[in-house]
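Here is the structure we will look at, set down as structure tokens.
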Amino acid sequence: MNRKDEHVSLARAFHQKTKENDFDAIRLLHSSIVTIRPEEVDLSTEILGLKLSVPFYINAMTGGSEKTKKINHDLAIIARETDLMMATGSVSAALKDPSVADSYTIVRKVNPYGLILGNMGAGRTSEDAKKIMELLQADGLQIHLNVPQELVMPEGDRDFHEWPQNIQQTIQTLNVPVIIKEVGFGMTRETLQQLQSLGAQAIDVSGRGGTSFSQIENARRKKRELTYLDDWGQSTVVSLLEAQSVTNLTLLASGGIRDAYDIFKALCLGAKAVGISATILDQLMSDGIESTIAMIEDWKIQLHRLYLMTNKATTAELSHNPIILSGAPKEWCQARGINYKQLATRK
């Protein structure tokens with residue numbers, strides 16, 4: 001089976017709709033008085049000049065085979081009909097084998113006027129980035145970081161020393177927004193600061209809680225001997241808490257997003273927008289395009305209610321919502337010296 005097809009099959013097999021994660025450890029304070037009018041609520045947000053009508057998007061998933069071409073085709077329809085930004089999966093496969101390029105270019109063909117992000121690994125150069133941008137006619141680029149995945153992957157990379165130089169050169173070379181993203185292992189404040197020093201202005205912390213690529217790659221190993229790495233890394237919530245002390249950075253969040261409430265909580269923790277992969281893919285593969293569109297439109301309605309319920313008119317204002325932490329995220333803050341009490345009293 002094609003590796004990209006294996007990834008899709010395993011991601012669905014391991015996906016748990018009701019799986020608990022650190023978003024369950026966040027509580028919001030209720031206020032009985034709401035002074036803004038419903039028509040004043042504005043769900044829009046911005047990522048380095050890219051204007052999104054809602055604060056969530058379809059995050060990088062797949063591409064590189066006939067099966068994944070169909071998935072990308074359907075995801076592009078969903079993005080077009082719901083006005084969501086969409087990121088393709090890693091386009092490296094098309095650089096290696098031009099015959100599979102249409103499994104990525106189908107996205108622009110189906111959604112000619114939408115916001116589209118290309119995606120490549122940090123092992124790729126700025127020249128590769130230019131080729132991807134031209135191939136997809138993309139509006140921006142994601143550079144993904146996936147060391148644990150590569151090390152568990154039987155045929156993965158083992159040398160990552162050129163990644164910082166590649167990231168810096170690509171950011172300097174491209175004249176479009178560049179987003180650095182993890183693939184589900186989360187980030188620390190030290191990592192965020194290191195990426196900032198390379199020129200990164202927008203970072204998707206993409207934490208543990210959703211699809212585990214160490215679990216997926218281990219399932220592809222003959223002995224499956226690395227199961228202890230299934231839950232490696234920091235959760236999305238913990239990663240956003242780590243980012244509280246990092247300034248002048250556009251934060252994005254993904255990993256373990258199950259519904260509109262998780263989106264809302266991530267926005268309250270400082271994310272400008274939230275990427276969703278597994279939940280949308282599972283809905284699409286289980287119930288089809290129309291059902292997935294309906295789910296997304298319902299999320300928009302729910303977010304509107306949540307903004308109104310917390311008396312916030314804009315996405316930017318959500319980062320002032322007081323939140324109470326418990327469980328593992330609270331313990332993490334205590335161990336790492338993160339002022340979680342300040343989050344509970346902010347105004």
Side-chain angles (χ1 to χ4, degrees), residues 1-17 19 21 58-72 74-75 87-104 118-124 128 132 142-163 181-187 204 206-236 254-257 275-286:
M1 184 187 291
N2 178 287
R3 179 164 64 90
K4 300 295 185 179
D5 293 344
E6 276 191 285
H7 283 175
V8 171
S9 297
L10 290 168
R12 288 205 68 212
F14 292 137
H15 180 65
Q16 299 176 46
K17 292 183 180 180
K19 181 181 178 181
N21 65 33
I58 299 173
N59 217 354
M61 282 188 243
T62 195
S65 68
E66 278 301 311
K67 178 180 178 180
T68 59
K69 177 182 176 181
K70 176 64 167 64
I71 293 172
N72 275 339
D74 293 350
L75 289 171
T88 72
S90 174
V91 191
S92 297
L95 297 182
K96 295 176 184 176
D97 180 6
S99 70
V100 302
D102 62 348
S103 66
Y104 301 96
N119 181 295
M120 71 176 196
R124 290 282 171 180
D128 293 329
I132 289 170
Q142 290 180 332
I143 300 177
H144 69 258
L145 310 175
N146 65 334
V147 170
Q149 179 188 7
E150 294 289 346
L151 291 174
V152 178
M153 189 190 306
E155 67 276 50
D157 293 334
R158 299 293 184 262
D159 185 350
F160 315 103
H161 79 278
E162 292 183 345
W163 283 17
K181 75 177 295 290
E182 251 294 348
V183 299
F185 301 107
M187 293 191 181
D204 177 357
S206 191
R208 176 176 55 79
T211 302
S212 168
F213 277 100
S214 52
Q215 182 183 29
I216 285 173
E217 297 300 350
N218 187 57
R220 298 179 60 245
R221 298 179 70 87
K222 291 182 179 180
K223 296 181 180 179
R224 293 175 171 79
E225 72 276 24
L226 302 177
T227 53
Y228 58 85
L229 294 176
D230 284 359
D231 63 349
W232 179 266
Q234 292 80 246
S235 72
T236 305
S254 60
I257 306 296
I276 302 105
S277 298
T279 301
I280 288 177
L281 178 64
D282 184 71
Q283 186 73 18
L284 170 62
M285 302 287 280
S286 298

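Scope of the values below: all heavy atoms of this structure, side chains included, with no hydrogens, waters or symmetry mates. No experiment lies behind these values; they were computed from the predicted model shown.
Across A101 and A94, no two heavy atoms sit closer than the pair CA-CB, 3.8 Å. Residue W232 comes nearest to F185 through the heavy atom pair O-CD2, 3.5 Å, listed as atom of the first residue, atom of the second, then distance. Of all heavy-atom pairs spanning D230 and S212, the tightest one is O-OG, 2.7 Å. The minimum heavy-atom distance linking S90 with G121 is given by the pair OG-N, 4.3 Å.
Considering only residues two or more places apart in sequence or on other chains, R124 meets the salt bridge (Lys or Arg N to Asp or Glu O under 4.0 Å) condition with D128. Among residues two or more places apart in sequence or in another chain, the side-chain hydrogen bond (donor to acceptor under 3.5 Å, both in side chains) test is passed with T236 by none. Applying the salt bridge (Lys or Arg N to Asp or Glu O under 4.0 Å) test to D102 and every residue at least two apart in sequence or in another chain returns K69.
Between N119 and K181 there is a side-chain heavy-atom pair separated by less than 4.5 Å. When side chains are defined from C-beta on, V152 counts as touching L229, because their heavy atoms get closer than 4.5 Å. Using a 4.5 Å heavy-atom cutoff, the side chains of I280 and L75 are in contact. When side chains are defined from C-beta on, L151 counts as touching F160, because their heavy atoms get closer than 4.5 Å. Considering only heavy atoms from C-beta on, M61 stays 4.5 Å or farther from I71 through its side chain. Side-chain contact between E66 and S103 is absent, with no heavy atoms from C-beta onward closer than 4.5 Å.
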- Task: In sequence, state the C-alpha distance, the side-chain angles, and the governing distance for T62 and K67, and then conclude on side chain to side chain contact (heavy atoms under 4.5 Å, CB included).
- Result: CA-CA 10 Å; T62 195; K67 178 180 178 180; over 6 Å; no
- Item | Evaluation steps, side-chain hydrogen bond (donor to acceptor under 3.5 Å, both in side chains), between S254 and D204 | CA-CA 7 Å; S254 60; D204 177 357; 2.9 Å; yes
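Side chain of T279 to backbone of I257: a donor-acceptor contact under 3.5 angstrom is found. Panel note: side chain R224, backbone A219; a donor-acceptor pair is recorded below 3.5 Å. The backbone N or O of V183 lies less than 3.5 Å from no partner atom in the side chain of N146, so there is not a single donor-acceptor pair.
Of the inter-residue distances, the one linking S92 atom OG with Y104 atom OH reads 7.5 Å to the nearest 0.5 angstrom. For the atom pair CD of E150 and CD of E155, the computed distance is 8.5 Å after rounding to the nearest 0.5 Å. For the atom pair CD1 (I276) and CD (Q283), the distance works out to 12.5 Å, reported to the nearest 0.5 Å. Taking CD of E182 as the reference point, atom CZ of R208 lies at 12.5 Å (rounded to 0.5 Å). For the atom pair CG of N59 and CG of L281, the computed distance is 12.0 Å after rounding to the nearest 0.5 Å.
Exactly one residue among I132, V91, L95 makes a side-chain contact (heavy atoms from CB on, under 4.5 Å) with M120. That residue is I132.
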